[in-house]
2 protein chains.
Amino acid sequence: MSLATINVSGERAAVFALLADPLRLRIVELLAAEEMCTCHLIDETGAKQTTVSHHLRILRDAGAVTTTEVGKFTWYRLAPHLLGALAADLSELADSAEQAGRHRLPCAP
Amino acid sequence: MSLATINVSGERAAVFALLADPLRLRIVELLAAEEMCTCHLIDETGAKQTTVSHHLRILRDAGAVTTTEVGKFTWYRLAPHLLGALAADLSELADSAEQAGRHRLPCAP
DNA sequence: AGTATACATCAACCTAGCCTGATATGAAGC
DNA sequence: GCTTCATATCAGGCTAGGTTGATGTATACT
């Protein structure tokens, strides 16, 4: 596998990893519906404050969310194109899987 | 958060987790292009046989791939609708994120 | 029958990542 | 200025999961 391929798969895998935790995926789903501040997310998920803050940091570090601070509240919204790009990638993958010829390569050691 | 919601997010997160490892994602990408046997996947990825076998087991257990045994070879193909369903879910999420009204809920403790 | 090949499983190790209690920071209100 | 509230960070414990060498199990070949 080429280095480029490793990197591409690695970067995409990193974005999938963002969605691979149930609580973090739930947070992303909530933010997909509307902008929310940390207190809402704690309320809606029922998770501890530190836990929610931990996952928000992961999403922030990955550039998946942006923040606006208003007084003592911090508002989170989804970064616009990250999910869209991933959805496009995944759809393309699913399509090629659908249309892939089912011929078998020779097994020639 | 309701139990149902936990489960839904949990199941979806589990599918995303399948794609969250670079090597496993690479394997899925390769299988999206054509049916392959283990030896091809080892070749293409450059990973050790046991490592590839380990990831194939995870994909098998999750129902993401199906196998056909031909002699001493095992052919893997992607399960047809798993990726498609996930792509649809993700696109829906991305769309709602795009169209979400940017009003802010009150923060009323 | 004996050997080689393809693949799976096992056991052990190691790292990444999640959860949490304690603590820090910083804005609001009195 | 002190307290309160919202949120972030830190440090520690624990678990899940990735990698790997050794080993098991078929199948194919001679």
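By convention in this document, chain letters (A, B, ...) are assigned in the order of the sequence lines, proteins followed by strands, and residues within each chain are numbered from 1.
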Colleague: Looking at D:dA6, I'd like to know if its phosphate oxygens (OP1 or OP2) sit under 4.0 Å from a side-chain N or O belonging to A:Tyr76.
Modeller: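 No, outside the criterion.
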Colleague: Rounded off to whole Å, could you give me the CE-to-C1' distance for the A:Met36 and D:dT7 pair?
Modeller: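 Checked: the CE to C1' distance equals 17 Å.
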Colleague: Could you tell me whether the side chain of B:Met36 reaches within less than 4.5 Å of the side chain of B:Glu44, counting heavy atoms only?
Modeller: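 Yes. Closest side-chain heavy atoms under 4.5 Å.
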Colleague: Considering heavy-atom distances to DNA chain D, does B:Lys48 or B:Ala17 have its closest nucleotide positioned more toward the 5' end?
Modeller: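 This one resolves to B:Ala17.
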Colleague: Hey, does the side chain of B:Arg60 come within less than 4.0 Å of C:dA8's phosphate (OP1/OP2), counting only N and O?
Modeller: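 It does, given that an N or O in the side chain of B:Arg60 lies less than 4.0 Å from OP1 or OP2 of C:dA8.
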Colleague: With distance as the sole test, does B:Arg24 use its side chain to make a donor-acceptor pair with the main-chain N or O of B:Ala17 at under 3.5 Å?
Modeller: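 At least one qualifying donor-acceptor pair exists.
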Colleague: Where each residue is assigned the nucleotide of DNA chain C containing its nearest heavy atom, which of A:Thr50 and B:Ser53 is assigned the position nearer the 5′ end?
Modeller: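 Taking each residue's closest nucleotide, the earlier one in sequence belongs to B:Ser53.
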Colleague: Hey, does the side chain of B:Arg57 come within less than 4.0 Å of C:dA8's phosphate (OP1/OP2), counting only N and O?
Modeller: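 No.
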Colleague: Look at the side-chain N and O atoms of A:Arg24 and state whether any lies under 4.0 Å from the OP1 or OP2 oxygen of C:dC18.
Modeller: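 For A:Arg24, the contact criterion (side-chain N or O under 4.0 Å from OP1 or OP2 of C:dC18) is met.
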Colleague: Counting N and O atoms only, with roles assigned by atom type, does the side chain of B:Ser53 sit under 3.5 Å from a partner on the main chain of B:Gln49, one being a donor and the other an acceptor?
Modeller: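 Not confirmed, B:Ser53 side chain does not pair with B:Gln49 backbone.
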Colleague: Taking donor-acceptor contacts at under 3.5 Å, does the side chain of B:Gln49 reach the base of C:dA8?
Modeller: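 Present.
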Colleague: Check this one for me: any side-chain N or O of A:Thr51 less than 4.0 Å away from OP1 or OP2 of C:dT20?
Modeller: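 The answer is yes; a side-chain N or O of A:Thr51 sits under 4.0 Å from OP1 or OP2.
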Colleague: Answer whether the closest heavy-atom distance between the side chains of B:Glu34 and B:His40 falls below 4.5 Å.
Modeller: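 Heavy-atom side-chain distance check fails, nothing below 4.5 Å.
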Colleague: CG of B:Leu56 versus C1' of D:dT19: gap in Å, rounded?
Modeller: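 B:Leu56 atom CG is separated from D:dT19 atom C1' by 15 Å.
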Colleague: Can you see if the side chain of B:His55 gets near the phosphate of D:dT19 - specifically, an N or O under 4.0 Å from OP1 or OP2?
Modeller: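 Answer is yes, contact under 4.0 Å.
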Colleague: Using a heavy-atom cut-off of under 4.0 Å over every strand shown, decide if A:Thr38 touches base, sugar-phosphate, or nothing.
Modeller: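 Sugar-phosphate, no base atom in range.
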Colleague: Calculate the interatomic distance between B:Arg26 atom CZ and D:dG18 atom P; express it in whole Å.
Modeller: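 Value for this atom pair: 18 Å.
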Colleague: Taking only N and O in the side chain of A:His54, is any of them less than 4.0 Å away from OP1 or OP2 of D:dT7?
Modeller: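 Result: no.
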Colleague: Counting side-chain heavy atoms from CB outward, which of C:dA8, C:dC18, D:dC5 is closest to A:Lys72?
Modeller: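 Closest nucleotide to the A:Lys72 side chain: D:dC5.
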Colleague: Taking all non-hydrogen atoms of both residues, which atom of B:Leu19 and which atom of B:Leu25 are closest, and how far apart?
Modeller: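 Between these two residues, the closest heavy atoms are O-CB, 3.7 Å.
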Colleague: Rounded to whole angstroms, how far apart are CG on A:Leu18 and P on C:dG17?
Modeller: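 Rounding to the nearest Å, CG of A:Leu18 and P of C:dG17 are 11 Å apart.
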Colleague: In whole Å, I'd like the distance from the CG atom of B:Asp21 to the P atom of D:dA16.
Modeller: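 Atom CG in B:Asp21 sits about 17 Å away from atom P in D:dA16.
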Colleague: Between atom CG in B:Leu41 and atom P in C:dA6, what is the gap in whole Å?
Modeller: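 From B:Leu41 CG to C:dA6 P: 14 Å.
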Colleague: Roughly, in whole Å, what's the span from CG in B:Asp61 to P in D:dG18?
Modeller: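 Rounded to whole Å, this separation is 12 Å.
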